Amino acid sequence: MTTVSAPVKPITSYRKFWAQRFGTAPFLPMTRAEMNELGWDSCDIIIVTGDCYIDHPSFGMALVGRLLETQGFRVGIIAQPGWHSADPFRELGRPNLFFGVTAGNMDSMINRYTADRKPRSDDAYTPHAEANKRPDRAVTVYAQRCREAYPGVGVMIGSIEASLRRIAHFDYWSEKVRQSVLVTSKADLLLFGNAERALVEVAHRAAAGEKLSEIRDVRGTAFMAPHGWMPGDDWQMMDSTTLDQPGKVEAHQSPYEMVPEKEEASCASGKDKAPTAAQPITFMPLQERVAARKAQRAKTVVRIPAYEAVAHDPVLYAHASRILHLESNPGNARALVQLHGERDVWLNPPPIPLTTEEMDHVFGLPYARNPHPSYGKAHIPAWEMIKYSVNIMRGCFGGCTFCSITEHEGRIIQSRSEESILKELEEIRDKTDGFTGHISDLGGPTANMYRLACKDKKIETSCRKLSCVYPDICENLGTDHSHLIQLYRKARALPGIKKINIQSGLRYDLAVRSPEYIKELVTHHVGGYLKIAPEHTEEGPLSKMMKPGMGAYDKFKELFERFSRQAGKEQYLIPYFIAAHPGTSDEDMMNLALWLKKNNFRLDQVQTFTPTPMAMATTMWHTRRNPLKRLARSSEKVDVVRDGYRRKLHKAFLRYHHPDNWHILYEALINMGRQDLIGYGKHHLIPPTPPKGAEDKGKRFNVARTAHHPTQRFQDAPPRGRAPAARGKPAVTSGAKPGGKPPAKPASRQAAASSGNAKPRGRR
């Protein structure tokens, strides 16, 4: 059996499947009639997705579908099927190899519900933005229907929904710890993270006759196995099912220590025991010792606390979360195993990132770059948002605790070549209807991480830090933005390209390391507004977010305004903030509101923190423990904003200017003893009387309900620590320029894409 440390095989090096003779389909078929036109009698692989089918690399089902097609497989698409029976899953017949199931570019629960668990009225990934076109926990439902439609056919699950639910996880919408999605979906195999490398290998092995349930040695996959199963006799298990406790330390005897003669004689007592002959001391070279440790580590699996344990013990849940995140670097991660009942969920190490050549191959496939013709001229918001944008990279080494990008796409940046990016710009110019010369975005999860990496590959493969930019930018991280500056200039020089905006979120703490980049960005690529994400101004929440202090923001703002003046442009920063994040006190939100007023910001749309599965901040939310630090039963407890009143209050502080928020803010300031902030002066937060149009919510927010005192932090919360020095990532709110006039709603980013490839848009 091949181990997970086997050499990496390029995704372009496989021998193509025999069905390559059918050639390239204009669109992957969604009906039997389309299959007949292509001359197919069956599909080798059928992809079931919760999104409508748009044949563009920003949409997961299109990317993996075209990738499998170029490997020679016949791939069909079942998009947004009715899930109340198995009939829609029989539309394309029985697949020869397996079903591939994805919830789509977004987690189905985030797609369907707001941060307050209220159903959304629209769906950006559906024609005409129609809501309710996918079920809750779509991966589980779709996988079960595939089983029902064709018993015995292999089922593989993937996408961000599967990635974030690969182990036992806290589910915000049901307020409980749920089992791994492998258990509930009964799938044969789960692909997590950027799935191209694993997907291609598994597809070819399935075509060679292997069952999905028997493929257990591919990186980036998870599967169910009998309890105690091991890949081979040379593997070892490290038990981490309990919190580490300090034990007795045994002194190591020096090999040069002289043993007294009497003691030596007693040790050699007995005529039948001959004295042991002296053995020479051998020294193993450093490289050999390191190689031996790596080989041993590659064949070590870490057992984390079982589902039954983490479901009832918050501290063990936080412990399991910490281990999972520490074992996330593809260069040194070990396999993980978690018991569910009588079976184990086995997680192989994360996938090896794609090379630039492989990224170019994936994004250079023959996409139609349009929605499937069956949708006609239907308005699809997600498509309208990205049709004139280009994804230049994937991954994020920021590690913000509230964000799912790092958990899904990894910390290692995977960048495309300039040639590949410029070619896609030309295709947009030449093939996309309605193009007027304006590119809406040239970015990715983070706009300015293109081609940034660790300066030393050996350090990168051995690093176990959760972030490269927190608490400060790592000295081993390259921050040279010259490659990105050069790309911008070449892109602008293309004939027919009139304007290129940068809409992806910006890491301003990285940008200030390259003033030349800020000048290039501000002079040519800001359309009046630039969104950045301080997320907060106070030490408490920033330390739990792993975000930089406001010093980096102030420095970036100074450079932004200076270069805007030099360019003769009136441009504004749009700051994004999160309300009710773990570690945030009511006083923190009050101070943020004062900062907003001082800087003359009036936020238009804001959003409270939403706990997404597997995120570190979600662990804080559920357990009130901080997994960023070593855990013990006596570990610090985090102030968590869970009750409805406080969540509304924190959101109200972000919109202190809105009349409807006056009553709750007035009541809170009285309870906090901050009557000095009530008045008509510039230093006051709200007026002493309700403004015109204020909705009377006095009865709803009665003082009796806040007897706990709104400013009181969680009783066991730790004292405030030092402000962190670095960190950032696009946020979850919308802002307005100074002066109070709200801008047009900017396109926000979703946490990650279905197969880890896209630069999705929508709500996080």
Side-chain angles (χ1 to χ4, degrees), residues 318 321-329 395-407 410-413 445-446 448-449 452-456 459-460 462-479 505-514 532-557 575-578 581-585 588 591-592 595 609 615-620 625-632 635-639 717-731:
S321 175
R322 178 173 170 82
I323 295 173
L324 177 73
H325 286 82
L326 289 174
E327 300 294 339
S328 61
N329 184 344
C396 180
F397 48 70
C400 299
T401 61
F402 55 82
C403 182
S404 300
I405 292 176
T406 301
E407 274 90 351
R411 293 179 178 82
I412 298 176
I413 303 302
T446 305
N448 60 323
M449 286 188 182
L452 298 189
C454 189
K455 298 175 182 177
D456 190 323
I459 294 176
E460 180 183 78
S462 60
C463 181
R464 286 167 61 82
K465 291 180 64 177
L466 298 177
S467 169
C468 299
V469 289
Y470 182 86
D472 202 349
I473 296 176
C474 179
E475 61 181 7
N476 297 310
L477 178 66
T479 58
L506 187 77
R507 281 298 305 220
Y508 55 86
D509 52 340
L510 285 174
V512 296
R513 295 289 184 96
S514 178
I532 58 175
E535 310 293 12
H536 218 284
T537 59
E538 304 304 297
E539 298 174 359
L542 288 174
S543 67
K544 302 302 185 294
M545 298 175 180
M546 292 209 302
K547 293 285 290 184
M550 293 301 287
Y553 169 85
D554 293 335
K555 186 174 182 179
F556 180 83
K557 182 175 182 291
Y576 280 47
F577 298 95
I578 296 179
H581 190 279
T584 307
S585 69
D588 290 331
N591 290 334
L592 173 54
W595 183 92
F609 168 71
M616 298 284 265
T618 301
T619 298
M620 299 179 198
R625 298 303 194 283
N626 184 5
L628 301 177
K629 300 180 180 180
R630 189 180 182 90
L631 289 157
S635 294
E636 68 163 311
K637 293 187 179 180
V638 179
D639 182 13
R720 295 185 184 280
R722 295 178 56 193
R727 198 140 183 80
K729 186 164 287 190

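Please read these numbers as outputs of a predicted model, since none were measured by experiment.
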Could you give me the CA-CA distance, side-chain angles and deciding distance for Leu506 and Phe556, then say whether side chain to side chain contact (heavy atoms under 4.5 Å, CB included) is met?
CA-CA 11 Å; Leu506 187 77; Phe556 180 83; 3.4 Å; yes
Just verifying a value: how many Å separate Leu452 CG and Arg513 CZ, rounded to the nearest 0.5 Å?
11.5 Å
Identify the heavy atoms of Pro534 and Tyr508 that sit nearest to each other, and give their distance.
CA-OH, 3.3 Å
Can Leu510 and Phe397 be said to form a side chain to side chain contact (heavy atoms under 4.5 Å, CB included), step by step?
CA-CA 11 Å; Leu510 285 174; Phe397 48 70; 3.8 Å; yes
Donor-acceptor contact present, side-chain Lys547 to main-chain Ala533, <3.5 Å
yes
Hey, is NZ on Lys629 packed in by over 12 heavy atoms from elsewhere, all under 6.0 Å?
no
Strictly distance-based, threshold 3.5 Å: is any side-chain N or O of Ser462 a donor or acceptor partner for the main-chain N or O of Ile459?
yes
Minimum heavy-atom separation for Arg630 to Ser635, with atom names?
O-OG, 3.7 Å
Given 3.5 Å as the limit, does a donor-acceptor pair link the side chain of Asp509 with the main chain of Ala552, or not?
no
If the plane angle is over 60° it's perpendicular, under 30° parallel, otherwise tilted; pick one for Tyr553 and Trp595.
perpendicular
Heavy-atom side-chain contact between Leu466 and Leu326 under 4.5 Å
yes
Examine distances only and state if a side-chain atom of Ser467 and a backbone atom of Val469 form a donor-acceptor pair shorter than 3.5 Å.
yes
CE of Met550 to NZ of Lys555: how many Å apart, nearest 0.5 Å?
15.5 Å
Closest non-hydrogen atoms of Ala318 and Pro627, given as atom of the first, atom of the second and distance, are O-CB, 4.0 Å
Hey, mind stepping through Met620 and Leu628 against side chain to side chain contact (heavy atoms under 4.5 Å, CB included) and telling me if it holds?
CA-CA 9 Å; Met620 299 179 198; Leu628 301 177; 3.8 Å; yes
Where Cys454 and Glu460 come nearest, the two heavy atoms and their spacing
CB-CB, 3.7 Å
Just so I know, are the side chains of His536 and Ile578 near enough to count as touching, which here means a heavy-atom distance under 4.5 Å?
no
To the nearest 0.5 Å, what is the distance between CG on Asn448 and OG1 on Thr479?
10.5 Å
Which atom pair, heavy atoms only, marks the closest approach of Ser321 to Met616?
OG-SD, 3.8 Å
For Ser328, what residues pass the side-chain contact (heavy atoms from CB on, under 4.5 Å) criterion, not counting sequence neighbours?
Arg411
Carefully, step by step, assess Arg625 and Thr619 under the rule side chain to side chain contact (heavy atoms under 4.5 Å, CB included).
CA-CA 7 Å; Arg625 298 303 194 283; Thr619 298; over 6 Å; no
Point-to-point distance, once rounded to the nearest 0.5 Å, from SG of Cys396 to CD1 of Ile412
12.5 Å
Those residues that, when tested against Glu327, pass salt bridge (charged side-chain N to carboxylate O under 4.0 Å, His left out) (two or more places apart):
Arg297, Arg334, Arg464
Correct closest heavy-atom pair for Gly478 and Lys455 would be N-CG, 3.9 Å
Could you check whether any side-chain N or O of Asn626 sits under 3.5 Å from a backbone N or O of Val638, counting only pairs where one atom can act as donor and the other as acceptor?
no
Hey, does His581 have a side-chain heavy atom less than 4.5 Å from the side chain of Thr401?
yes
